[in-house]
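This report concerns only the one structure given below.
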Amino acid sequence: MQIYDHPTFQMACQQFDLVADLLEIPECDRDRLKFPKRSMVVALPIERDDGCTEVFAGYRVQHHLTLGPTKGGLRYHPDVTLGEVAALAMWMSWKCALTGLPYGGAKGGIACDPRTMSAGELERLTRRFTQEMIPFIGPQVDVMAPDMGTNEQVMAWMMDTYSMHVGHTVPGIVTGKPVSLGGSVGRREATGRGVAYLINRAMDTLQLDAAKATAVVQGFGNVGSVTAYSLAKYGVKIVGASDVAGGLYNPAGLDLDRLAAHLARHKTVAGFAEAEPVTNEQLLRLPCDILVPAALERQITEANAGRLRCRILAEAANGPTTPAADRIIAERPEIFVLPDVLCNAGGVIVSYFEWVQDLQSFFWTETEVAEKLFRILEHAFVEILKLSRTRGLSMRLAALRLGVKRLHDAKRIRGLFP
Ligand code: GLU
């Protein structure tokens, strides 16, 4: 299927093929597991604030419908393409399957730069996209959530547009909504908290002392910043951070509150006076115990994988490490990888809790949410570590093996339809 051609989609397919070989999945069953069930591409004309009309491209890919509704984020970024979104949808499928969530994977995106758009323009774009998606979404069909460049406000507009269409309020149509509209407490923090929880478990496994550990975080959006704060609570010193505008390094540790104040004022971490500026490439090669890529895909490549100086590579982003980089890291057993599909699963796990709470109209406390989140992550971490050790697999292959096998089994039992 040529329409998905994109380096990120090829990367997801390469990962899938490795796992399919391991599981000895017959060739004739593979395409059905790999290619999305359905994909929508829509033209979104909106009125810009200057009165002109501009058309944006919107995408939604639903990877499979075998285990329940599809689930996954909506990304606003200038480089979004169908192939990228399809790869991200496939990863959502494995992520949901390996954590035992009753969902297929999905992902959506609009090729736009939200940083250059007014709130009014973003609202018109979001409402128009939701309107176009109405035949293909629903709380039992496909449930969106925030991803890069989107947030609670975007989810609120989607929920409102859908609800107006059906004539009553439907909170379960999206997750990651404001708590006041049926969102879950702890959803905003869930991905970063989950990342930090798993890093802490990895530190236990490697017998690293959190109070002596250092971390570098690439990408300081919702996921990266919450990860940094949560790691600091475990006693870890954050020595490096970055965003699109640049990176920072301070071996004595960054003061996160002052960095947050700088970020609020300047909309970037770059230029923070209490650290040296570093480039993105330098940042990835800083000496640290924990490296957290929390930005875009394909950041750890064959060009830099040999030069990482961390003990734990915690993939908070989706797809930050290419298969070529994986092969290099496989030769470096001193690096413990927390693969994306496990590492950042906290977000979709609490999205699942939000959806369940919406369907029941019965809401939980933050302690209940956090306890249930950590229970699921703990179970997945132990299962994947065990599989990795007993079968001599990388943590990524062990995680993907678990996810792909669950889906393959379900498809075999159900038949060809979903
Ligand atoms: N966008 C997030 C992810 O990539 C969350 C998806 C969700 O909560 O549905 O995992």
Side-chain angles (χ1 to χ4, degrees), residues 8 12 59-64 67-77 80 84-110 114 133 137-152 154-155 158-159 171-178 182-195 198 219 221-224 226-227 293-297 314-320 338-358 369 372-373 376-377 380 399 403:
T8 307
Y59 307 95
R60 184 72 179 167
V61 175
Q62 299 170 348
H63 184 244
H64 73 84
L67 293 167
T70 47
K71 186 83 196 77
L74 174 67
R75 171 173 293 200
Y76 288 0
H77 189 277
V80 163
E84 183 199 33
V85 170
L88 291 160
M90 207 198 290
W91 285 324
M92 283 307 300
S93 283
W94 317 137
K95 197 188 300 186
C96 292
L98 75 91
T99 47
L101 307 185
Y103 292 133
K107 194 72 108 193
I110 301 180
M133 285 296 119
I137 59 174
Q140 298 298 344
V141 183
D142 182 18
V143 181
M144 301 207 202
D147 195 85
M148 194 175 287
T150 56
N151 54 23
E152 292 182 359
V154 171
M155 294 303 115
M158 295 195 90
M159 187 272 239
I173 183 64
V174 290
T175 59
K177 303 175 286 299
S184 178
V185 287
R187 172 60 187 87
R188 194 189 307 154
E189 301 79 10
T191 313
R193 268 188 198 156
V195 171
L198 292 165
N222 174 40
V223 176
V226 175
T227 301
L296 279 169
E297 304 95 59
E315 297 182 342
N318 291 307
L338 283 167
D340 52 359
V341 285
L342 167 68
C343 189
N344 67 36
V348 72
I349 293 169
V350 178
S351 275
Y352 164 59
F353 297 161
E354 180 171 330
W355 180 73
V356 167
Q357 293 170 77
D358 288 338
V369 168
K372 289 181 167 71
L373 165 65
I376 294 182
L377 287 177

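The model shown is predicted, which means the values in this text are computed figures rather than measured ones. Atoms within each ligand, like the ligands themselves, are counted from 1 in listed order.
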Q: Find out whether E152 and R188 are in side-chain contact, i.e. whether some heavy atom of one side chain is under 4.5 Å from a heavy atom of the other.
A: yes

Q: May I ask you to test the M144-M133 pair for a side-chain heavy-atom distance under 4.5 Å?
A: yes

Q. Is there a side chain to side chain donor-acceptor pair (under 3.5 Å) between R187 and S351 once you walk through the steps?
A. CA-CA 7 Å; R187 172 60 187 87; S351 275; 2.8 Å; yes

Q) Under a 4.0 Å N-O cut-off, is there an ion pair linking E297 with R75? A) yes

Q | For ligand 1, the residues whose heavy atoms come within less than 4.0 Å (ordered by chain, then number) | A | K71, G72, G73, M92, K95, K107, A145, P146, D147, R187, N318, G347, V348, S351

Q.
By the definition side-chain hydrogen bond (donor to acceptor under 3.5 Å, both in side chains), identify the one residue from T8, N344, D340 that meets it with N318.
A. N344

Q: Taking all heavy atoms of Q357 and all of S184, pick out the closest pair and write down the distance.
A: NE2-OG, 3.1 Å

